[in-house]
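Only one structure is covered here, and it is reproduced in the block below.
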Amino acid sequence: MAFIYNEPSRTFGEYLLVPGYSSRECVPANVSLRTPLVKFRKGEEEPALSINIPMVSAIMQAVSNDTMAIALAKEGGISFLYGSQSIESQAQMVRNVKSYKAGFVPSDSNLRPDSTLADVLALHEATGHSTVAITDDGTGSGKLLGIVTDKDYRVSRMSPETKVAEFMTPLDRLVYATDDVTLKTANDIIWDHKINSLPLVDKEGRLKYFVFRKDYSNHKENPLESIDANKRFLVGAGINTRDYAERVPALVEAGVDVLCIDSSEGFTEWQKLTIDWIREHYGDKVKVGAGNVVDGEGFRYLAECGADFVKVGIGGGSICITREQKGIGRGQATAMLDVAKARDEYFKETGIYVPICSDGGIVHDYHITLALAMGADFIMLGRYFSRFDESPTQKIRINGNYYKEYWGEGSNRARNWQRYDMGGAAKLSFEEGVDAYVPYAGSLKDGVSATLAKVRSTMCNCGVLNIPDLQKNAKLTVVSATSIVEGGSHDVILKNSVPLKG
C-alpha cells in the first residue's frame with residue numbers, strides 16, 4: 001500500500017516562536033540578515049554569492065522585471081527575472097539591471113508633443129510620476145523636446161484636449177546636461193538651479209536619463225545594496241528545462257549573476273539534464289538553483305545533481321491551485337523542516353552547504369521569520385512584491401481602493417506551460433494558477449523596511465543576532481485553533497467598527 005506520513009502536513013500559521021533569553025546587546029540595530037545565496041564548502045570564508053536580506057522576488061510575469069530587480073537590489077535582496085518571455089527580452093532586462101547607474105533613471109513616462117492633457121493625466125494615474133518627458137517619438141530614448149510637470153497645467157482651467165506642445169516647458173527653457181556628467185555634478189546643477197529634475201541627453205539630443213533631487217538622499221540610504229565586484233546590482237533569471245541551450249548563453253552574455261530552473265515540481269530528470277548541460281558548458285562559473293521539492297529525498301537528488309541552491313514548496317502560493325487541481329504538495333512548514341534536516345545531513349556528510357529557499361506559504365510578515373527559523377536561508381515572495389509600485393502590473397481603483405493585478409504562471413493569462421512541463425506536448429492543458437488582485441501597498445522600500453523591522457525585532461525576542469543562530473536556537477511550538485484566535489484582537493469592539501449616530 002501507499003506510504004503514509006505519520007505527521008500531518010502543517011503550514012506556517014500553525015506555529016509560533018517561543019522567546020529566548022535576550023542580552024542587552026540583542027537590539028534590532030545589531031541584527032545581521034546576510035545570508036548565502038549559493039552553495040559553499042565548509043571552511044570557506046564567503047560563498048560566491050550572498051545577499052544582505054533574505055528576500056528574493058519570484059520568477060513571475062506579475063512580479064519580477066528589471067524595475068523590480070533594481071529596487072530590490074537597492075534594499076539588499078535579488079530578483080529572478082521571469083522566464084516566460086522571449087530570450088531577447090529577458091536578456092535585455094538583465095542588461096538593464098547590470099548597466100543601471102545609481103541616480104541615473106531611464107524615463108518610463110514619455111509622450112509626444114501632439115499628445116493631450118488627457119494623455120498626461122492618464123499616464124500620471126498609471127505610473128504615479130509627475131514628470132513626463134516629451135520626445136519626438138514618445139519614447140524614453142527619443143529626441144528631447146520638453147518636459148511636463150504638474151506645475152505646467154491646471155486641470156480646472158484647461159481642456160483635456162489641449163495639446164502638450166501648448167503647455168510643456170520647451171527644451172530652450174530647460175536646464176539639462178550631457179550624459180557624460182558625474183552624479184555629483186548632476187546633483188550640483190540641480191541644487192544650483194533650484195530644480196527638481198535634470199534631464200541628461202546624448203550628443204544627438206536624445207534623452208538618456210533623469211537625475212531627481214528626491215533621489216539624492218535615497219542613495220545615501222542603501223547601505224545594504226546587493227552589488228557585484230564591479231559595484232553593479234546583482235540580478236537573477238529564471239530558466240526552463242526546454243530551451244536552456246539557447247536561453248542560458250544569452251543570459252550569461254548579458255551578465256546575469258545567478259539562474260534558477262523555474263518548475264512547479266523539480267524532482268525530475270529534466271532538472272538533472274538542465275544542470276548537466278550548464279556544468280558541461282560553463283563548469284561551476286554559472287550558478288543555478290533548482291526545484292521545487294517538498295521532502296528530503298527531493299532535496300538530496302537536486303543537491304547531488306549539482307544545484308547551487310534548492311527551492312522548497314509546491315502549491316502554497318496565494319495564486320497557486322496545484323494542490324486542488326492535482327492533489328500534490330505539502331504544507332510549507334512541514335516541507336521546510338524536512339528539507340532543512342536533509343540539508344544539514346548532506347552538509348555533515350559532504351562538507352557542502354546547499355542553501356534552501358522557501359517558496360510560497362507566506363501570509364503574514366512573521367511567517368518570514370518562521371521560515372528562517374525552520375531552516376530557510378532566504379525566502380522567495382510573489383504576492384508580497386506584486387503589491388508595490390515597482391511590480392510590472394497595473395494599479396487599478398476598485399470601489400475607492402487601489403489594487404495591483406497579480407496572476408500565477410500557471411494561469412490562462414500567463415500560459416507558462418514550460419513551468420509545468422512533464423515532457424509532453426508544448427501546451428498548458430489545465431490551469432494551475434489564478435488571475436487576481438492584491439491590495440496596493442505603495443513603495444517597495446517602505447514595505448520591505450517595515451517587514452524587516454518585524455523580523456529583526458522577533459529575532460531579538462529569540463535572543464539571536466543572525467540567521468544561522470536563529471536556525472540553531474529557535475524554539476517552535478504548534479498552536480491549536482483556539483490559540484490562533486487568541487493571537488489576534490478578541491473580545492473587544494474595534495473603534496472603527498462602532499456605528500456612529502447620524
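The first residue of the sequence shown is numbered 1, and numbering continues consecutively from there.
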Review point. Between N187 (side chain) and L183 (backbone), is there a donor-acceptor pair under 3.5 Å?
Key: yes
**Study point:** Sidechain-backbone polar pair: D243 side chain, E246 backbone, donor-acceptor under 3.5 Å
**Key:** no
Exercise for review: Enter the distance from N96:CG to D66:CG here, rounded to the nearest 0.5 Å.
Suggested key: 4.5 Å
**Study point:** Closest non-hydrogen atom pair, V181 against A186
**Key:** CG2-CB, 4.2 Å
Exercise for review: Without swapping roles, check the side chain of R247 against the backbone of A91 for a donor-acceptor pair under 3.5 Å.
Suggested key: no
Check your understanding: Hey, is CD on E304 packed in by over 12 heavy atoms from elsewhere, all under 6.0 Å?
Key -> yes
Check your understanding: Taking atom types as modelled and ignoring hydrogens, do the side chains of S449 and D446 form a donor-acceptor contact shorter than 3.5 angstrom?
Key -> no
Check your understanding: So is R343 actually on top of F347's ring, under 6.0 Å and inside 45° of the axis?
Key -> no
Check your understanding: Do you know the tightest heavy-atom contact between H129 and S109?
Key -> ND1-OG, 3.1 Å
Exercise for review: Please lay out, stage by stage, how Y403 and K395 fare under the test side-chain contact (heavy atoms from CB on, under 4.5 Å).
Suggested key: CA-CA 6 Å; Y403 298 85; K395 183 173 72 172; over 6 Å; no
Check your understanding: Does a side-chain N-to-carboxylate-O contact under 4.0 Å join R206 and D202?
Key -> no
Practice item. Mind telling me whether H364 and Y366 have parallel, tilted or perpendicular rings, with 30° and 60° as the class edges? Key: parallel
**Study point:** Main-chain N/O of V448 paired to T451 side chain as donor or acceptor, under 3.5 Å
**Key:** no
Exercise for review: Measure the shortest side-chain to side-chain distance between N466 and V31 over non-hydrogen atoms and say whether it is less than 4.5 angstrom.
Suggested key: no
Check your understanding: Which atom pair, heavy atoms only, marks the closest approach of T35 to I53?
Key -> CG2-O, 4.5 Å
Point to revise | Test log, rule side-chain contact (heavy atoms from CB on, under 4.5 Å), inputs C305 and Q271 | key: CA-CA 8 Å; C305 286; Q271 299 236 338; over 6 Å; no
Exercise for review: Mind checking side chain to side chain contact (heavy atoms under 4.5 Å, CB included) for S107 and listing every partner two or more places apart, or none if nothing turns up?
Suggested key: N110, A133, L207, F210
Review point. Hey, is the main chain of A376 close enough, under 3.5 Å, to the side chain of Q471 for a donor-acceptor pair?
Key: yes
Revision key, fill the gap. In this structure, CD1 of I467 is separated from CG of L33 (nearest 0.5 Å) by 5.0 Å
Check your understanding: With a 4.5 Å limit on heavy-atom distance, are the side chains of V248 and L259 in contact?
Key -> yes
Exercise for review: Show the numbers, then the answer: is there a side-chain contact (heavy atoms from CB on, under 4.5 Å) between Y244 and W277?
Suggested key: CA-CA 8 Å; Y244 53 84; W277 187 91; 3.5 Å; yes
Exercise for review: Please step through side-chain contact (heavy atoms from CB on, under 4.5 Å) for the pair S64 and F80, ending with a clear verdict.
Suggested key: CA-CA 6 Å; S64 296; F80 285 85; 5.5 Å; no
Practice item. Measure the spacing between CZ of R300 and OH of Y346 and express it to the nearest 0.5 Å. Key: 7.0 Å
Point to revise | D365 and Y384, any side-chain heavy atoms less than 4.5 Å apart | key: yes
Check your understanding: More than 12 foreign heavy atoms under 6.0 Å from OH of Y176: is that the case here?
Key -> no
Practice item. Scan side-chain atoms only and decide if T268 and Y301 contain a donor-acceptor pair under the 3.5 Å cut-off. Key: no
Review point. How long is the span from the CD atom in E390 to the OG atom in S57, to the nearest 0.5 Å?
Key: 11.0 Å
Exercise for review: Return yes if some donor-acceptor pair links the side-chain N/O of N222 with the main-chain N/O of E225 below 3.5 Å, else return no.
Suggested key: no
Practice item. Verify ring pair (Phe, Tyr, Trp, His ring centres under 6.0 Å) between F104 and Y100, making sure each step is shown before the conclusion. Key: CA-CA 7 Å; F104 295 82; Y100 178 83; 8.8 Å; no
**Study point:** Heavy-atom check, side chain of E75 versus side chain of L444, under 4.5 Å
**Key:** yes
Check your understanding: Do the non-hydrogen side-chain atoms of Y209 and V105 ever get within less than 4.5 Å of each other?
Key -> no
Study note, to complete from the structure: From the list I78, V288, D308, side-chain contact (heavy atoms from CB on, under 4.5 Å) with V258 holds only for I78
Practice item. Could you tell me whether R112 atom CZ has more than 12 heavy atoms of other residues or ligands within 6.0 Å of it? Key: no
Practice item. Check for a donor-acceptor pair, side chain of S79 on one end and backbone N or O of L81 on the other, with a separation under 3.5 Å. Key: no
Point to revise | Check: Q61/S84 side-chain N/O donor and acceptor closer than 3.5 Å | key: yes
Review point. Should F385 and M55 count as side-chain neighbours, where that means a heavy-atom distance under 4.5 Å?
Key: yes
Exercise for review: Establish, from distance only, whether the side-chain atoms of S358 and Q332 form a donor-acceptor pair under 3.5 Å.
Suggested key: yes
Check your understanding: Quick check: does any side chain N or O of H124 sit under 3.5 Å from a backbone N or O of V120, one acting as donor and the other as acceptor?
Key -> no
Exercise for review: May I have the step-by-step check of salt bridge (charged side-chain N to carboxylate O under 4.0 Å, His left out) for D338 and R330, ending in yes or no?
Suggested key: CA-CA 11 Å; D338 194 356; R330 201 176 192 188; 2.8 Å; yes
Practice item. Measure across I379 and C357 and return the closest heavy-atom pair with its distance rounded to 0.1 Å. Key: C-SG, 4.2 Å
Review point. Between E204 and K143, is there a salt bridge with N-O shorter than 4.0 Å?
Key: no
Exercise for review: Working to the nearest 0.5 Å, report the span between CZ of R34 and CD of E46.
Suggested key: 4.5 Å
**Study point:** Minimum-distance pair of heavy atoms, taken over all atoms of A340 and I356
**Key:** CA-CD1, 3.7 Å
Exercise for review: Specify the closest pair of heavy atoms between D137 and G142, including all atoms of both residues, with the distance to one decimal.
Suggested key: OD1-CA, 3.2 Å
Check your understanding: Counting only heavy atoms not in K272, do more than 12 sit closer than 6.0 Å to its NZ atom?
Key -> no
Check your understanding: Just wondering, do T135 and L145 contact through their side chains at under 4.5 Å, heavy atoms?
Key -> no
Practice item. Any chance you could measure T369, atom OG1, to F12, atom CZ, to the nearest 0.5 Å? Key: 10.5 Å
Review point. Does Q90 reach the main-chain N or O of G238 with its side chain, forming a donor-acceptor pair under 3.5 Å?
Key: yes
Point to revise | E44 CD: over 12 foreign heavy atoms closer than 6.0 Å | key: yes
Review point. Do Y353 and D377 get their side chains close enough for a donor-acceptor pair, meaning under 3.5 Å?
Key: yes
Review point. Would K311 and N292 count as having a side-chain donor-acceptor pair, cut-off 3.5 Å?
Key: yes
Check your understanding: Charged N to carboxylate O below 4.0 Å: is that the case for K98 and D257?
Key -> yes
Check your understanding: Quick one: is the NZ or CZ of K404 closer than 6.0 Å to the six-membered ring centre of Y440, and within 45° of its axis?
Key -> no
**Study point:** T274 side chain to W270 backbone, donor-acceptor under 3.5 Å
**Key:** yes
Review point. Heavy atoms, side chains only, cut-off 4.5 Å: are I147 and P199 in contact?
Key: yes
